[in-house]
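Throughout, numbering of the chain's residues begins at 1 and tracks the sequence. Counting starts at 1 for both ligands and their atoms, following the listed order.
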Amino acid sequence: MKILILGSGGREHALAWKISQSDLCEGLFVAPGNGGTAEIAINLSLEVNDKPGILDTVVRLGIDLLVIGPEDPLVNGVVDFLKKESKLKDLLVVGPSAAGALLEGSKDFAKKFMLKYGIPTADAEIFTKADLVAGKQFLAGLTPPYVLKADGLAGGKGVIITKDRQEAEESLEKLLRGQFGPSSENVLIEEFLDGIELSVFVLTDGDSYVILPEAKDYKRIGEGDTGPNTGGMGAVSPVSFADAHFMKKVEDKIVAPTIKGIKSEGFDYHGFVFFGLIKVGEEPMVIEYNVRMGDPETEVVMPRIKSDIVPLLVATARGELSDVSVTFEENAAATVVLVSNGYPGSYETGESIKIASNNDQSIIPFHAGTAQEGHNLLTKGGRVLAITGLGNHLTEALANSYRGVDFVKCKGINYRTDIGFDLAK
Ligand code: AMP
Ligand code: GLY
């Protein structure tokens with residue numbers, strides 16, 4: 001089976017790493033990929049939103065299975081575009097159609113979906129450009145902190161949380177005036193939920209589903225969860241506070257009703273659902289849906305899947321998920337993300353990276369923003385590497401991850417030294 005993965009981050013390297021271990025994988029391509037995927041697959045010079053280019057590539061290479069990593073092409077309808085091509089009728093695709101991808105592409109749409117299917121989430125009101133005065137009045141009636149969310153995709157920067165009403169009003173104004181272009185012409189003002197967050201991942205064929213190992217990511221740039229939000233500075237799996245009793249609630253109150261909703265709405269949904277959850281008291285609530293895997297969460301979830309992932313992806317695409325069984329490792333995984341100096345603000349790229357070779361099976365250096373240029377491995381993004389460590393328990397996994405960080409030599413690299421410390425015993 002020939003498999004193409006779209007994307008270029010740590011998530012895609014981790015997916016490629018897991019897929020490449022399958023006996024069913026006879027050819028693996030990543031577009032555009034990174035320096036790490038180049039070592040285990042063939043990188044293609046093809047952008048994730050280039051629909052005609054993707055179509056040509058799939059035909060030319062005889063791709064059997066396409067796995068779409070990031071949200072952008074999904075929200076832009078790449079799946080709908082490919083599925084209407086008669087010459088691609090046998091192509092297996094992991095990724096939802098644009099209608100289903102709106103669960104991530106529009107926070108207003110997702111909120112209405114949750115209300116319709118009785119899925120616990122924060123109360124919210126939507127405001128448009130014309131409603132600025134009404135929006136400010138609404139803020140005046142709330143108790144802080146205030147939570148404002150751009151309706152559309154904003155590269156992870158569209159959520160503003162502040163205790164200061166004046167700042168909230170100013171943020172509302174900036175958003176509605178198009179701070180993120182059309183993505184912030186509508187803004188959700190939401191009740192603040194106080195609790196601890198976790199990420200739950202599901203593969204679904206739009207009817208059945210498989211729950212994958214859960215994870216917790218560390219979004220803030222600074223030690224002790226301080227400073228601006230990033231794409232994610234590290235992650236751990238499993239999550240100690242998500243015990244069997246809690247996960248049963250997650251399945252019954254959130255996962256099952258979501259999949260039922262997806263089916264009732266008639267979405268062509270064959271792919272991942274990433275539930276961004278918060279535990280409030282003992283109850284899980286949904287903060288957001290994503291229609292893809294998380295990054296860096298994939299870098300701790302993939303190593304914990306024991307089964308061959310290819311039959312699972314094929315069954316997802318074919319609508320045969322109820323026929324497959326999947327097993328998970330009993331171990332723990334942790335990943336620490338190495339970022340370019342200045343990230344999540346502006347940063348330099350093109351720094352040389354050296355990773356000392358070692359045969360330690362408990363350390364997996366996943367690449368994110370790297371590029372192989374000739375014999376040189378160079379930095380190419382804000383998040384550069386995600387060093388995953390495995391262990392019998394979280395403390396050991398974290399120790400291995402940080403030991404792996406020491407194998408990396410790169411000028412101007414930063415990382416958090418406290419990933420997972422809140423959960424490790
Ligand atoms: P999102 O892009 O929706 O995941 O939001 C980014 C982050 O903002 C989340 O991971 C939470 O830490 C925080 N957040 C979003 N919505 C809320 C809320 N209603 N209450 C508390 N924190 C929130
Ligand atoms: N790590 C959070 C995300 O992938 O959205």
Side chain or backbone of Arg292 under 4.0 Å from ligand 2, or both, or neither, by non-hydrogen atoms? side chain
Where does Arg11 meet ligand 2, judged by heavy-atom distances below 4.0 Å: at the side chain, the backbone, both, or neither? neither
Tell me, yes or no, whether the heavy-atom count around [X] atom [atom1], taken from other residues, nucleotides or ligands under 6.0 Å, exceeds 12.
X: Lys174; atom1: NZ; result: no
X: Glu47; atom1: CD; result: no
X: Lys136; atom1: NZ; result: yes

Proximal ligand 1 atoms for Ile161, defined as those under 4.0 Å from one of its heavy atoms: 8 (O), 13 (C), 14 (N), 22 (N), 23 (C)
Under 4.0 Å to a heavy atom of Lys219 - the qualifying atoms of ligand 1, by number: 10 (O)
Please state which option from Met285, Glu104, Glu288, Lys149 has its nearest heavy atom closest to atom 15 (C) of ligand 1. Lys149
Got an N/O contact under 3.5 Å between Leu193 and ligand 1? yes
Tell me the protein heavy atom at minimum distance from [atom], and give that distance in Å.
atom: atom 17 (C) of ligand 1; result: Ile287 CD1, 3.7 Å
atom: atom 5 (O) of ligand 1; result: Val159 CG2, 3.4 Å
atom: atom 9 (C) of ligand 1; result: Glu197 OE1, 3.5 Å
atom: atom 2 (C) of ligand 2; result: Asp217 OD2, 3.4 Å

Close N or O approach (Glu288, ligand 2; < 3.5 Å): no
Quick check on contacts: which atoms of ligand 2 are under 4.0 angstrom from a heavy atom of [X]?
X: Gly231; result: 1 (N), 2 (C)
X: Gly294; result: 4 (O)
X: Glu297; result: 1 (N), 2 (C), 4 (O)

With under 30° as parallel and over 60° as perpendicular, where do the rings of Tyr117 and Phe113 fit, or are they tilted in between? tilted
How about Thr37 and Asn43: does a side-chain donor come under 3.5 Å of a side-chain acceptor? yes
Is the NZ or CZ atom of Lys216 positioned over Tyr218's six-membered ring, under 6.0 angstrom from the centre and within 45° of the axis? yes
Geometric cation-pi criterion, Lys2 with Phe29: 6.0 Å, 45°: no
Counting the benzene-type ring for Trp, do Tyr146 and Phe192 have ring centres under 6.0 Å apart? no
Kindly state whether the ring of Phe201 and the ring of Phe272 have centres lying under 6.0 angstrom apart. no
